Amino acid sequence: MIRTEGLTKRFGRLTAVDGLDLDVREGDLFGFLGPNGSGKTTTVRMLLGLVFATSGRIEMLGRPMPAAAREVLAQVGSLVEGPAFYPHLSGRANLALFDAAGPDPTRPRPGPHPPSPHPPSPDPPSPDPPGPAAGPPVGERSPRQGGTLPDVHSPRGGPRARRRRRVEDALARVGLERVGRRPVKAWSTGMRQRLGLAAALLRAPRLLVLDEPTNGLDPHGMREIRDLLVELVRGGTTVFLSSHLLAEVELVCTRAAIVDQGRLVAQDRVDALLGPTGRVLVTTPDVGTAADLAAALPGVRLGERRPDRLAVHLDGTAPEALNRRLVDGGVRVRELVVERPTLEDVFLRLTGGLTGPRPPDAPGPPDPAEDRRVPG
Amino acid sequence: MFLVELRKLVGRPRTWVTIALLAGLPTLVAVLLRVTGVGPRPGQGPAFLAEVLNNGALFPAAALALVLPVFLPVAVAVLAGDAVAGEAGAGTLRYLLVRPVGRTRLLVAKLAVTVVFVFLAVLVVAAVGFAVGAWLFGVKPLPSVSGQTIAAQDATWRTAVTVGYVAWSMLGVAAVALFASTLTDSSLAAALGALAALVTSQVLDLLDAAAALKPYLPTHYWLAFVDLFRIPVLWRNVSRGFAIQAVYIAVLLGAAWANFATKDIKS
């Protein structure tokens, strides 16, 4: 869906984006991570044809950008650096203006893809129990979806009634169906953020490019937006989510890229990024015996040692083999944990100025994984 | 896209307040003239005002002459300066462009609604001028600036050409402001830039040392429409003014387009 090759942008002497090779595949919920000033927004702007690349190539939906911007962007919804509206108009009037500004959807879209990116059948209900957080939008959307959604977004839309339906539908998707005629300038940040998302969803895009979509939302709102994104992806939309909220990305994204100072430092499936560190934490009252036994295994190095806990670096040895050896040797194993980093660990390691993988047992930053996984 | 821009223009209270203010100035002047009966002496003061006391039919032209030097250009510069820079400042520019709206298309639509505004403003001023003039001073056959009488039909086309000429001059202002508008993200800065250019031109126009430059100043021929009320019509300055404006409009719009179409939108 998105593919860049050697994408580079220089502003004068500053290189904001440096040889970026992104690969976002159809159906991804793709997390795009990076510290502030790492070139995330510049990249998003280049993808959308707002900023022109100094060098490199961009391909979106299989077409070159920005050459095919007209055709490509009609199928892309976006939220860049916060929503923006005409403050003296109501939310509906704003969406209507943006909708009318876009190309006429009565003309058939080029390309072989189906007219509606949404599946013909209604989505199964969200796996999360619809608590107060996932409340109104999901509940009210479900019964309507099967009937109206594919219809509204069919390429025959265009007349005024259809346009109004499209606007109402987008508002309902983000839980704003009951907003009145108040001008947007009187709205809260969270409501504006939702309206921005509604504007992005107007044309049922195949690809959503979102820059910090949950900014300014309360925890309930964040949860709703996350659920909405997951639901959209299940419906066939690809989502490119630029964010600095690592927990958010870890929760919803299937693949992620991490950039630092304009360079790509990692790009992989999220579960691969969060792969085992090769370290096993053994909690036992018999630390001394455990250390002796473990050290005898091939390739194993001992790590940090505390009165009731031992860190062991396995090199090729399976954790279960270690466990058997310990148990056979009479060690009372209370807990044996294969250590996995959080996305935060990975992110900090890759972008925190520590180049390369953290040396084993370096007295690095306090490790949240340890705190969480080893009960005191 | 033009319709969308038109909806924005019409839906904005600002547009109508500006036009009301523009029409208000000549109305105020007419009322004062009527109440006091004191007009400028012939040949002095704003064009046509001296004759208006005797004949209201000249008031549309007088009204245009009143708003032309300052008021109308300021209004046009503010509106055209806001066209792109205002959207950039509010952040809506990026959302229009990714909708997608082609950059050239957006600029043309902005230009088109500016033209609509200019004509609307000039027409309203002329129409209000005519109504107020007819009401307060009565309509007689026009005495021309040259002394002979202008017939009613004749006066109509002369006034119509005047409206067109003034609108064309204002398009020159709009072109300056639109170009400035593509250079900055602040509509205030864009309007100020355009006004600075106009004030410079008007100051130079008063300066004898700048005599060689005068025929090429954008504001030099603005008031040449007075010649349209001579018998026979003195076309020389009007057509020169028209041509000068055409050059300014073409060059500045070209520059605006070239800049906007290749610009990194970072707002």
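As a basis for the values below, the full set of heavy atoms in this structure was taken, side chains included, without hydrogen atoms, waters or symmetry mates. Letters A, B, ... are given to chains in the order of the sequence lines, protein chains preceding strands, and every chain is numbered from 1. These numbers were taken from a predicted model, which means no experiment stands behind them.
- No more than 12 heavy atoms of other residues, nucleotides or ligands lie within 6.0 Å of CG in B:L188, so this atom counts as exposed by the packing criterion.
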Counting backbone as well as side chains, what donor-acceptor pairs lie under 3.5 Å between chain B and chain A?
unit_1 : atom_1 : unit_2 : atom_2 : d
B:K8   : NZ     : A:Y86  : OH     : 2.8
B:E87  : OE1    : A:Y86  : OH     : 2.7
B:E87  : OE2    : A:Y86  : OH     : 3.2
B:R94  : NE     : A:V80  : O      : 2.9
B:R94  : NH2    : A:V80  : O      : 3.1
B:R94  : NH2    : A:E81  : O      : 3.0
B:R94  : NH2    : A:G82  : O      : 2.8
B:Y95  : OH     : A:V80  : N      : 2.9
B:Y95  : OH     : A:V80  : O      : 3.2
B:Y95  : OH     : A:G82  : O      : 2.7
B:R99  : NH2    : A:A199 : O      : 2.8
B:R103 : NH2    : A:G49  : O      : 3.2
B:R103 : NH2    : A:L50  : O      : 3.0
B:D264 : OD1    : A:F52  : N      : 2.7
B:D264 : OD2    : A:K9   : NZ     : 2.6
B:I265 : N      : A:L50  : O      : 2.8
B:I265 : O      : A:R45  : NH1    : 2.5
B:S267 : O      : A:R45  : NH1    : 3.2
B:S267 : O      : A:R45  : NH2    : 2.8

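- Residue contact with chain B, scored on non-hydrogen atoms closer than 4.5 Å, involves the backbone and the side chain of A:F98 alike.
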Yes or no on side chain to side chain contact (heavy atoms under 4.5 Å, CB included) for B:V98 and A:L50, after CA distance, side-chain angles and deciding distance?
CA-CA 8 Å; B:V98 300; A:L50 291 172; 4.1 Å; yes
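- For the pair A:A84 and B:A90, the tightest heavy-atom approach, listed with the atom from each and the gap, is CB-O, 3.2 Å.
- How far CG of B:L96 is from CG of A:L97: 8.5 Å, rounded to the nearest 0.5 Å.
- Among the residues in residues 161-169 of chain B, none has a non-hydrogen atom closer than 4.5 angstrom to a non-hydrogen atom of chain A.
- Atom OH of B:Y216 sits in a sparse spot, with 12 or fewer heavy atoms from other residues, nucleotides or ligands closer than 6.0 Å.
- For a residue to count as touching a neighbouring chain, one of its non-hydrogen atoms must lie under 4.5 Å from one of that chain's; by this rule A:A69 touches chain B with the backbone only.
- Both the backbone and the side chain of A:L79 come within contact range of chain B, with heavy atoms under 4.5 Å apart.
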